[in-house]
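Structure provided below as structure tokens; questions to follow.
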Amino acid sequence: MRRYVPVAVLVFAVYIVFSGSVSPYDLVIGALLAVGVSLAASRYLVRDPSKACSIGRFARLVWYALYYLTVAEFRAHRKVIGIILSRDMPVRPAIVRVPYRARGEYTVVASANSITNTPGTVVVDIDTDKSLFYVHWIYAEGLDPETAYENILKDFETRLSRVFE
Amino acid sequence: MIEEVVRYAGLAMLVAGGFINLVGAVGLIRFRNFYLRLHAATVSTIGGTFYPLLGLALISLSTPELGEWRFFMGGSLLTAAFILLMLAPAGSHALARATHRASVARPEPVIADHLEEDRGG
């Protein structure tokens, strides 16, 4: 039972926000959709119901989103915009190995998405056996995996581990 | 009063997004290879698409002339922004991975390519 609740709540919330109305018609359709989608999809989406129901984890996800969308993005945008607009375009491009510590699939996907969404770093490939991201880095501060981890991933992964791990 | 503040915040996001998109376009032209251009494209994903959509949502929510429809517009813009935030990197990943696998674009200039080394290059 607890497996189905988080998915249903999420679907219902998205439906209500998207339709922008709380008329009885929308409430009924939203509830029906929420029940149907969560019955069909929960077993693929939720592996550990106690994690998915945790309010604390959800709060940390919101906090991560706020931090990521303001501080991290602002820093990265300023850097890449600086490179684009400068006269000689100082780039030091490299594809580096970045080892990740996370075990959960959600953490790995969210980390990779965060890295790619910040300008200046793009995940090119992933090696799940060796737990490595291959990241194209526009201004490589260093080539060894530890420097790359410290500069690119550490910040995101530690915060996301508190949400998903 | 609060409506004015929200509307101007939305307008500021919209203007900033326009500027960032312009910079991204300049970067697409000035960078010299595929991978560097990909970085210019990701500049336009967050700064040039996510924030302007958020700004448009704020503007529509703070425009009472739209009546009930402002919630519909604001809500769908908000949903679109967050779905884009989650799905846009999937496209970048697919492009970068496929390009590297097929070796159709050399990552030149480059100071190190560990992916090439590990793949037995």
Side-chain angles (χ1 to χ4, degrees), chain A residues 13-23 65 68-69 72-74 76-86 89 91-98 109-110 112-127 130 132-140 142-145 148, chain B residues 19-20 23-24 26-28 30-33 35-36 38-48 50-51 54 61 68-76 78-80 82-83 85-93 95-97 99-101 107-119:
Chain A
V14 169
Y15 182 87
I16 292 300
V17 170
F18 190 80
S19 65
S21 107
V22 284
S23 65
Y68 176 76
L69 286 171
E73 287 292 346
F74 180 76
H77 273 78
R78 197 180 48 186
K79 196 163 186 180
V80 175
I81 286 174
I83 291 178
I84 291 174
L85 293 182
S86 68
M89 306 191 87
V91 289
R92 248 168 79 81
I95 298 180
V96 293
R97 301 182 189 96
V98 181
V109 172
N113 278 5
S114 298
I115 291 175
T116 301
N117 260 341
T118 42
T121 46
V122 172
V123 177
V124 179
D125 210 340
I126 179 173
D127 189 331
K130 288 187 254 174
L132 284 179
F133 289 135
Y134 293 92
V135 177
H136 188 276
W137 195 1
I138 198 169
Y139 196 87
L143 294 179
D144 59 301
Chain B
F19 170 72
I20 290 172
V23 173
V26 170
L28 269 181
R30 289 194 74 194
F31 278 131
R32 273 168 297 173
N33 70 46
Y35 296 93
L36 292 174
L38 210 52
H39 292 297
T42 51
V43 170
S44 315
T45 313
I46 302 292
F50 178 80
Y51 272 110
L54 220 57
L61 285 175
E68 284 289 294
W69 294 106
R70 69 181 191 271
F71 298 113
F72 172 63
M73 288 177 70
S76 27
L78 210 63
T79 323
F82 277 96
I83 288 178
L85 182 67
M86 284 183 269
L87 293 188
S92 301
H93 288 158
L95 272 176
R97 184 163 182 270
T99 310
H100 201 281
R101 292 223 148 191
E108 304 278 334
V110 73
I111 56 173
D113 188 347
H114 291 161
L115 180 56
E116 186 83 39
E117 289 168 21
D118 283 3
R119 204 169 269 159

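Just so it is clear: chains get the letters A, B, ... in the order the sequence lines come, proteins before strands, and each one is counted from 1.
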>> Please report the interatomic distance CG(L28(B)) to CD1(I84(A)), rounded to the nearest 0.5 Å.
In response: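 Taking CG in L28(B) and CD1 in I84(A), the distance rounds to 8.0 Å.
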
> Most heavy-atom pairs under 4.5 angstrom with chain B, which of A65(A), P93(A), A112(A)?
Replying inline: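 Counting heavy-atom pairs under 4.5 Å, the top option is P93(A).
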
>> Quick check: closest heavy atoms across V124(A) and A96(B), and the distance to 0.1 Å?
In response: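 Heavy-atom minimum between the residues: CG1-O, 3.8 Å.
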
>> Parallel, tilted or perpendicular, judged at 30° and 60°: which one describes the rings of F18(A) and F72(B)?
In response: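 The arrangement is perpendicular - the two ring planes meet at more than 60°.
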
> What distance separates I83(A) CD1 from H39(B) NE2, expressed to the nearest 0.5 Å?
Replying inline: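 I83(A) CD1 to H39(B) NE2: 9.0 Å, rounded to 0.5 Å.
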
> Would you find a donor on one side and an acceptor on the other, under 3.5 Å apart, between the side chain of H77(A) and the backbone of G47(B)?
Replying inline: yes

>> Quick check on S21(A) against chain B: is it the side chain, the backbone, both or neither that has a heavy atom closer than 4.5 Å?
In response: neither

> With chain B, which of R92(A), E73(A), K130(A), M89(A) has the greatest number of heavy-atom pairs at distances under 4.5 Å?
Replying inline: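 Option with the top pair count is M89(A).
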
> Any idea which of N117(A), V80(A), V17(A), V96(A) has the most non-hydrogen atom pairs under 4.5 angstrom with chain B?
Replying inline: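 Winner by heavy-atom pair count: N117(A).
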
>> Please classify the contact between V109(A) and chain B as side chain, backbone, both or neither, with a heavy-atom cut-off of under 4.5 Å.
In response: neither

>> As an exercise, state the distance from OG1 of T116(A) to CG of L95(B), rounded to the nearest 0.5 Å.
In response: 11.0 Å

>> Need one label for T121(A): side chain, backbone, both or neither, based on atoms under 4.5 Å from any heavy atom in chain B.
In response: backbone

> Any donor-acceptor pair under 3.5 Å linking the side chain of Y51(B) with the backbone of L69(A)?
Replying inline: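 Yes, the answer is positive, given that a donor and an acceptor are paired below the 3.5 Å cut-off.
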
> Of the backbone (N, CA, C, O) and the side chain (C-beta and beyond), which part of R70(B) lies under 4.5 Å from a heavy atom of chain A, both, or neither?
Replying inline: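 Neither part; nothing is under 4.5 Å.
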
>> Other residues, nucleotides and ligands only: do more than 12 of their heavy atoms fall within 6.0 Å of CZ on R30(B)?
In response: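 Counting other residues, nucleotides and ligands, CZ of R30(B) exceeds 12 neighbours.
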
> So which of T45(B), L78(B), I20(B), L36(B) has the largest heavy-atom pair count under 4.5 angstrom toward chain A?
Replying inline: L36(B)

> Based on non-hydrogen pairs under 4.5 Å, which of S92(B), G24(B), G27(B), G74(B) is most in contact with chain A?
Replying inline: G27(B)

> Tell me, side chain or backbone of H93(B) under 4.5 Å from chain A's heavy atoms, or both, or neither?
Replying inline: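 Both backbone and side chain.
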
>> Quick check for you: among T79(B), I46(B), L85(B), which has the greatest number of heavy-atom pairs under 4.5 Å with chain A?
In response: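 Max contact count across the listed options: I46(B).
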
